[in-house]
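The block underneath contains the structure these notes are about, expressed in structure tokens.
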Amino acid sequence: MKIIDLRSDTVTRPSTVMRQAMASAEVGDDVYGDDPTVNALQEYAAKLLGFESALFTASGTQANFVAIMSHCQRGDEYIVGQQAHTYKYEGGGAAVLGSIQPQPLEFADDGTLDLDLIAAHIKPDDFHFARTSLLCLENTQNGRALPLHYFTKARAFCETHQLNLHLDGARLFNAAVAQKVDVTEISRHFDSVSICLSKGLGAPIGSVLCGSKDLIDNARRWRKVAGGGMRQAGILAAAGLYALKNNVDRLADDHANAQILNEGLSKIEQINVLQDPTQTNMVFFTVGKDDVAPLGEMLKTNGIIASVGTKTRLVTHLDISREDVEKVIEVIKGYFEQKG
Ligand SMILES: *Cc1c(COP(=O)(O)O)cnc(C)c1O
């Protein structure tokens, strides 16, 4: 039985061709700047996103961490979403290791941070306060692609308030593909952008941080401090390069599958889908509290892995086919039918 794992798009496994690219990658010692494949990935990513320079990192968490460390000084503050990865899901790294204070704010319904709300939280220039110096946005945010018109306003806002602007673009390509725009239509508004290679793009490991040459030089220092100076990392970078060259456009298939799944689930009376239509590769729904455990069991029995809760997130990706999502709909439908 094929295992259908819908917990996240991080569960993708490198394909045979990707593994071949890894196996035949030219390598060198990247701490000396000598790995041609790492250099090729960094140059390719910088160009693709419209930046001067880029840095390969071990993870998205590391990319965001070195970005915040490079933008901020000790005693600075960054404004960030209450549910944002860069606030909630990165172990508080910037605060723990960098003495940089987060100021979390609630996301609006479309995944943006309201600019008036941000303005109200920028600290006055006074020694009582941390210095507000960075705004971090996230795209996609919970599967939502931020509206394009927001970026122009956010950029102008940051100019006015002398803030730097960082994008946690772990799933930036999902947003660009869903909105049918070149990725630079989003990335050009930011001082730095991190992207994940290890999610929907299908690489086993790695992220890239893009920015100006100065910012990236600084980030390289912080990456070393964070233990992220890697040696023959070209083996990994080859997978990332393959992913960026081959797996971006096909994200549209994941989005189509997510929408099929969403529509199928929305027809089941006991299920309440939370985003209709879906925007990218995520489906969110709620079920009754008593259904959580038995539904999870039923899925497991049928080879479907999902983090079922009162609010459940299902994520489509390159190891999930249309037949797979149809099976998932049937199994969930079957669960509620046999329950009566
Ligand atoms: C996955 C993710 C990251 C980075 O996660 P890693 O597991 O450290 O690679 C950052 N931001 C968002 C929004 C993510 O979903």
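Just so you know, ligand 1 is whichever comes first in the structure, and atom 1 is the first atom listed for that ligand.
- Less than 4.0 angstrom separates some heavy atom of R171 from each of these atoms of ligand 1: 15 (O).
- Both cation-pi conditions hold for K245 and Y44: the charged atom is under 6.0 angstrom from the six-membered ring centre and inside a 45 degree cone around its axis.
- Only side-chain heavy atoms of E90 come within less than 4.0 Å of ligand 1; its backbone N, CA, C and O stay farther off.
- Taking the six-membered ring where the residue is Trp, F151 and F190 present perpendicular rings, their angle passing 60° and hence far from 30°.
- In terms of polar-atom proximity, defined here as any N/O pair under 3.5 Å, K199 does make such a contact with ligand 1.
- Residue, atom and distance of the protein heavy atom nearest to atom 5 (O) of ligand 1 are H85 CE1, 3.6 Å.
- Not a single heavy atom of Q62 sits less than 4.0 Å from an atom of ligand 1.
- For atom 6 (P) of ligand 1, the closest non-hydrogen atom on the protein side is G60 N, 3.6 Å.
- The ligand atoms of ligand 1 that sit less than 4.0 angstrom from a heavy atom of E138 are 13 (C).
- For the pair E138/L167, no side-chain contact is recorded, criterion being any heavy-atom separation below 4.5 Å from C-beta on.
- Screening D125, D126, D76 for a salt bridge (charged side-chain N to carboxylate O under 4.0 Å, His left out) with R131, the sole residue that qualifies is D76.
- Across all their heavy atoms, A226 and F65 have their closest contact at CB-CE2, 4.1 Å.
- Of the N and O atoms on the side chains of S192 and H166, at least one donor lies less than 3.5 Å from an acceptor on the other residue.
- Residue D168 has at least one nitrogen or oxygen atom sitting less than 3.5 Å from a nitrogen or oxygen atom of ligand 1, judged on distance alone.
- Here's the thing with S198: none of its N/O atoms is less than 3.5 angstrom from an N/O atom of ligand 1.
- Within a 6.0 Å sphere centred on NZ of K2, heavy atoms belonging to other residues, nucleotides or ligands number more than 12.
- Within ligand 1, counting atoms from 1 as listed, the ones closer than 4.0 Å to a heavy atom of N64 are 10 (C).
- No side-chain heavy atom of D114 sits less than 4.5 Å from a side-chain heavy atom of L105.
- Counting heavy atoms closer than 4.0 Å to ligand 1, residue T61 contributes atoms from both its backbone and its side chain.
- Residue S59 approaches ligand 1 through these ligand atoms, each under 4.0 Å from one of its heavy atoms: 8 (O), 9 (O).
- In this structure, T140 does not count as a contact residue of ligand 1, since none of its heavy atoms falls inside 4.0 Å of the ligand.
- Here the shortest heavy-atom pairing between K123 and Q101 reads CE-NE2, 4.5 Å.
- Contact annotation for T86 and ligand 1: no heavy atom of the residue comes within less than 4.0 Å of the ligand.
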